[in-house]
Amino acid sequence: MSPHTLLEDSPMQQPLSINRTTALAVAALALVLPLSAVSCSAAEKALSCANTAVQISTHVAQLGQAINNVDEDPDATGQALQNLKGDVDKIGRNSGDADLSQAVTDLQTQIDNVQKAVDGNQVPDLGPLGSAAARVSKVCTG
């Protein structure tokens, strides 16, 4: 029997090898789990952003319909603006991305412009609002 064979069959060698393997596996998990949590978190944020962007687009369309039917339902314009503001506030609070923050700021500016026109009994130009909403959507969907 060679000395090398004795070391391999030694009961003291076996537990050391299992402990090292276990330690390496635990270390690997410790490295992988935070990375997977980060990527899941990033994916959840992206999905939330995209969902909110869809809601924003829907509310911009509803605002257009409300403005076109203002004689039939004068309160619909105010409600559509409130819905839109709520979505923009939601997406703005959850934004850590500089491009998204800028797109949200631009959208808020356009919402304020529409609100001023509505408050002044004027028909607002929804083109810039639609463009700003499209920029938010583009940033969210990458």
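Atoms considered below: every heavy atom in the structure, side chains included; atoms not considered: hydrogens, waters and symmetry mates.
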Engineer: So do Leu63 and Leu129 actually touch side chain to side chain, heavy atoms under 4.5 Å?
Structural biologist: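 Yes; the side chains approach each other to less than 4.5 Å.
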Engineer: Heavy-atom distance under 4.5 Å between the side chains of Lys90 and Gln55, does that happen here?
Structural biologist: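 Heavy-atom side-chain distance check passes, below 4.5 Å.
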Engineer: Looking at every heavy atom in both Val104 and Gly92, which two are closest together, and how far apart are they?
Structural biologist: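 Looking at all heavy atoms of both residues, the closest pair is CG1-CA, 4.0 Å.
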Engineer: Tell me every residue that passes side-chain hydrogen bond (donor to acceptor under 3.5 Å, both in side chains) with Asp119, counting only those two or more places apart in sequence or in another chain.
Structural biologist: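 Asp119 satisfies side-chain hydrogen bond (donor to acceptor under 3.5 Å, both in side chains) with Gln115 only.
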Engineer: Could you work out, with side-chain hydrogen bond (donor to acceptor under 3.5 Å, both in side chains) as the rule, every residue matching Gln102, not counting sequence neighbours?
Structural biologist: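 Partners of Gln102 by the side-chain hydrogen bond (donor to acceptor under 3.5 Å, both in side chains) criterion, ordered by chain and then number, come out as Asp106.
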Engineer: Does some side-chain heavy atom of Val118 sit less than 4.5 Å from a side-chain heavy atom of Pro124?
Structural biologist: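 Result yes, sub-4.5 Å side-chain heavy-atom pair found.
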Engineer: Given the rule that I, L, V, M, F, W and Y join up when any side-chain heavy atoms are under 4.5 Å apart, are Val114 and Val70 in one cluster?
Structural biologist: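 Val114 and Val70: separate clusters.
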Engineer: Ignoring hydrogens, what is the shortest heavy-atom contact between Ala133 and Val60? Give both atom names and the distance.
Structural biologist: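 Smallest interatomic distance, heavy atoms only, reads CB-CG2, 4.0 Å.
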Engineer: Verify side chain to side chain donor-acceptor pair (under 3.5 Å) between Gln79 and Asn83, making sure each step is shown before the conclusion.
Structural biologist: CA-CA 6 Å; Gln79 184 60 47; Asn83 291 341; 3.0 Å; yes
Engineer: Determine, stepwise, if the pair His59 / Asp87 fulfils side-chain contact (heavy atoms from CB on, under 4.5 Å).
Structural biologist: CA-CA 9 Å; His59 288 137; Asp87 291 338; 2.4 Å; yes
Engineer: So Ile56 and Ser137, do their side chains get closer than 4.5 Å, heavy atoms only?
Structural biologist: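 Ser137 vs Ile56: side chains apart.
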Engineer: With rounding to the nearest 0.5 angstrom, report the CG to OG1 distance, Leu100 to Thr52.
Structural biologist: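 Reported to 0.5 Å precision, the distance equals 9.5 Å.
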Engineer: If you measure from CD on Gln82 to CG on Asp89, what distance do you get to the nearest 0.5 Å?
Structural biologist: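 Here the interatomic distance stands at 9.5 Å.
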Engineer: State, to 0.1 Å, how close Pro128 and Gln110 come at their nearest heavy-atom pair, and which atoms those are.
Structural biologist: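 Reported closest heavy-atom pair: CB-OE1, 3.0 Å.
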Engineer: Going by the rule side-chain contact (heavy atoms from CB on, under 4.5 Å), which residues pair with Asp99 if we only count those two or more places apart in sequence or in a different chain?
Structural biologist: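 Asp99 satisfies side-chain contact (heavy atoms from CB on, under 4.5 Å) with Asp97, Val139 once adjacent residues are dropped.
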Engineer: Using the rule side-chain contact (heavy atoms from CB on, under 4.5 Å), only one of Asn69, Asp75, Thr77 pairs with Asp73; which is it?
Structural biologist: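 The residue from Asn69, Asp75, Thr77 that satisfies side-chain contact (heavy atoms from CB on, under 4.5 Å) with Asp73 turns out to be Asp75.
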Engineer: Using side-chain heavy atoms (C-beta onward) and a distance below 4.5 Å, is Ile111 in contact with Lys85?
Structural biologist: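 Heavy-atom side-chain distance check passes, below 4.5 Å.
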Engineer: For Ile91 and Cys140, which heavy atoms make the closest approach, and how far apart are they?
Structural biologist: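 Result for this residue pair: CD1-SG, 3.6 Å.
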